[in-house]
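Please read the structure below before turning to the comments.
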Protein chains: 2
Amino acid sequence: MARRESAAAGPGSRALIVDLIRSAGPISRAELVTATGLTQPTISIIVRRLIDDGVVRETGATVSTGGKPRILLVINSHAAYGVGIHVAADAFTCVVTDTRGGTVGRQLVARPAGEKPDAAVDRLAALYRDVTGGLGLLPQSVAGLAVVGPGPVDVAQGRFLALPGLEDWAGIDLGAALAEQLGVPVLIDSDAAAATVGEFWGRQVSRERTFGCLYMNSAIGSGVVLDGALHRGAGSNAGKIGHVAVVRDGRPCHCGNRGCLEEYAAPRVLAEQARSTPGLAARLDIRPEDPAARAFDILARAAIYGDVQAHALLDASARLLAEGAVTLANLWDLDTLVLAGPGFAVAGSIYVTQIRHHLAERAYSRQIHAVQVDLSSNPRDAAAIGGAALVLQGAVAPGHGPKVAAPE
Amino acid sequence: MARRESAAAGPGSRALIVDLIRSAGPISRAELVTATGLTQPTISIIVRRLIDDGVVRETGATVSTGGKPRILLVINSHAAYGVGIHVAADAFTCVVTDTRGGTVGRQLVARPAGEKPDAAVDRLAALYRDVTGGLGLLPQSVAGLAVVGPGPVDVAQGRFLALPGLEDWAGIDLGAALAEQLGVPVLIDSDAAAATVGEFWGRQVSRERTFGCLYMNSAIGSGVVLDGALHRGAGSNAGKIGHVAVVRDGRPCHCGNRGCLEEYAAPRVLAEQARSTPGLAARLDIRPEDPAARAFDILARAAIYGDVQAHALLDASARLLAEGAVTLANLWDLDTLVLAGPGFAVAGSIYVTQIRHHLAERAYSRQIHAVQVDLSSNPRDAAAIGGAALVLQGAVAPGHGPKVAAPE
């Protein structure tokens, strides 16, 4: 039975066909008719446009089913390139991928503390030029740029509303500013949303799955893909698992809620806990100047190598995230959950184990089906790669991605 | 921007068109083309079939837009009737609605404690015959029967897996058994899911909304409608907000989780609390033989009329549900939340107030958009009415509803 019962036609038809060719290709036009329920003429028209646009190509191979041999279609992986830049507390990560989600370029630049927003915008533009220029990409082959980061985003307006260290960006139409400088479409989105789309797209996940992604960096977020499409909600801020209360009437959170998961389990919180645990920071050689993310990775490595105090801190965080995972599973009825984000780069194994254990014991639907829990193959770059995927979805499948600010 | 970005065509096209005529009608074929993105020929073919099936009719009215006058389409409200039976701990409620969701018949029968499953099945069949017979409905005008209740359901198999007092039903293919006795299609679903669809359908909610429903009876559940379709998840058990932990390492719940919302805030729990509060049950004339639901309603009435002890108990429950509502809002990014179910029939005002207050102060997206919170216009029958709506969706829009067990 379909997980969602209705199905809408329309601009999404092209997106649907692209996604089917991506996930089920090589596939014939006749199979697309069956899979979509669209009419033969409709399929022919859309496929013809996709071929003309260079998004899809015919393999040359055919399948014979007694009647007329059927030509098979695949995604043209070099049709376009997507660029994603992930804005973290201490660095910008830029990634370029092809239409199949393969990474063709990557660059990371540090973010000077207290940098002014305008300087940061110029730095983003320079990073984009460096990476695309270094790869010798033709401007017309770049589908666009996605800038993704934590905190509430106004996707429609292309703004970050409260980016740590760049709160002033709330006043800037970042998408339009960058589109004008770079001459490519630019979209702004949440790192968790981007990572979710990137993991779904890159793993060739079937649209039948109820696919969730738990994203951990300085903040904790999540996303869910339903029928092959990211669920955004009324204001594009769905999946805020980091702002679900895990401690009744607990610490007040900047989000307005109290006892938020993020305030007890996020890497930055564990870094503070490590520093305030007598002797621990010194023993693990966590320096005062180390950013929280680095302190957390040192702590995680120590926990994996058996440091009892470090393990106790990680374990407490992992249990909280595992409870969050049960909440996601029980509300979305997930069959797949992927862990992505820099927070899982070193500590991933500890979290995966705890989350699998919790879901197997506590998930509401466990007697009906299991929830498969996997670690991202590239937790650190997942959001940037996902940003590139969002751009490509929008480019190869208009109507499939969020609105983008087009250059003047 | 669409909240969900892809859109699938196919069997759902008919469902989509029915839903558009229902929510946006009177509407012309040309407007349907614009709204769906389906081709003119496709729309014409589907609309023709809907008219032939008696689901849709032409109003006779036309709109002139300079060119050829356009004929307007509306749902034919008497095309078919849906029957929904809600299975509660102490009673069966049967409701009959027309295709516009208007209730044309209702009957409630008590459920004798400890009734054997087979006898309960016969009782359901008898109730169906009483109500439809009493209304003089022609068998062919009845689209089918939905039996809805709490606990995990296997929608595909047509089974309740753990219905309070009827656990043995887990072994029975209830859908097939009733379909054979009654000669109509029968579907089995969760009361929360049914209520969600019923509230969405009956309120003529636009498919643009991210529509949530919080359902409270002996248990607490929820549902969400995205792009006009109920989100079911991998195993049709999404929306289990009653089994989200609100107390860390709290009481173990039958679901496998600990500290579940339901174990602290559900009416049956408050009934126990009332009975264990010295003097309260006696003062409010809550008798030992009163079922939990009745005891809860007495308690709620007392709270509304200012009984301090009663109000303290209700207020604590309302705060917990309000936290649950924030969780739903933060994970789904809801713009609408309706409260339905017998638990809100008397106590609704107390819960609505607390939930509105909490969402206004704590919802993650509150600076971007508000969450509208409404009380169902018929909290007690919401699940039964929703069951009828599920049947009608399946009937008037094949592919739109869950699988049904067809009669032999």
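Here is the naming used below: chain letters follow the sequence lines, and residue numbers restart at 1 for every chain.
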Exercise for the section: Could you tell me the separation between the CG atom of B:L320 and the CZ atom of A:R248, rounded to the nearest 0.5 Å? Expected result: 4.0 Å
Practice task
Taking the side chain as every heavy atom from C-beta outward, state whether B:L331 and A:T327 have any pair of such atoms under 4.5 Å apart.
Solution key: yes
Practice task
Please determine, among B:P41, B:C253, B:P152, the option with the most heavy-atom pairs under 4.5 Å with chain A.
Solution key: B:P152
Problem - Contact class of B:R258 relative to chain A, heavy atoms under 4.5 angstrom - result: both
Problem - Non-neighbouring partners of A:T34 that pass side chain to side chain donor-acceptor pair (under 3.5 Å), sequence neighbours left out - result: none
Completion exercise
SG (B:C255) and CD (A:Q367) are apart, to the nearest 0.5 Å, by 10.0 Å
Practice task
Can you see which heavy atom on A:A234 is nearest to which on B:T210, and at what distance?
Solution key: N-OG1, 3.2 Å
Practice task
Start with the C-alpha distance between A:L161 and B:I368, add both sets of side-chain angles, then the distance that settles side-chain contact (heavy atoms from CB on, under 4.5 Å), and finish with yes or no.
Solution key: CA-CA 10 Å; A:L161 299 181; B:I368 302 168; 3.6 Å; yes
Handout entry: chain A contact via B:H243 - side chain, backbone, both or neither, heavy atoms under 4.5 Å
Key = both
Exercise for the section: For the pair A:H231 and B:W332, name the ring-plane relationship: parallel under 30°, tilted 30 to 60°, perpendicular over 60°. Expected result: perpendicular
Exercise for the section: Starting at CZ of B:R232, measure out to CG of A:L226 and round the result to the nearest 0.5 Å. Expected result: 13.5 Å
Completion exercise
Okay, A:E361 and chain B: the region with an atom under 4.5 Å from a heavy atom over there is backbone
Practice task
Let me know if A:A363 has heavy atoms under 4.5 Å from chain B in its side chain, its backbone, both or neither.
Solution key: backbone
Practice task
Examine distances only and state if a side-chain atom of B:D333 and a backbone atom of A:G235 form a donor-acceptor pair shorter than 3.5 Å.
Solution key: yes
Practice task
May I ask you to name which of A:S222, A:G256, A:G259 has the most heavy-atom pairs under 4.5 Å with chain B?
Solution key: A:G256
Exercise for the section: Before giving the answer on side-chain contact (heavy atoms from CB on, under 4.5 Å), spell out for A:N237 and B:N330 the whole-Å C-alpha distance, their side-chain angles and the decisive distance to 0.1 Å. Expected result: CA-CA 8 Å; A:N237 284 285; B:N330 287 359; over 6 Å; no
Completion exercise
Interatomic distance, NZ@A:K240 vs OG@B:S365, rounded to 0.5 Å, equals 7.5 Å
Handout entry: A:R49, CZ atom: more than 12 neighbouring heavy atoms under 6.0 Å
Key = no
Fill in the blank from the handout: One option among B:T39, B:V246, B:T42 has the most heavy-atom pairs under 4.5 Å with chain A, and it is B:V246
Practice task
Quick one: list whatever passes side-chain contact (heavy atoms from CB on, under 4.5 Å) with B:A30, sequence neighbours left out.
Solution key: B:S28, B:R70
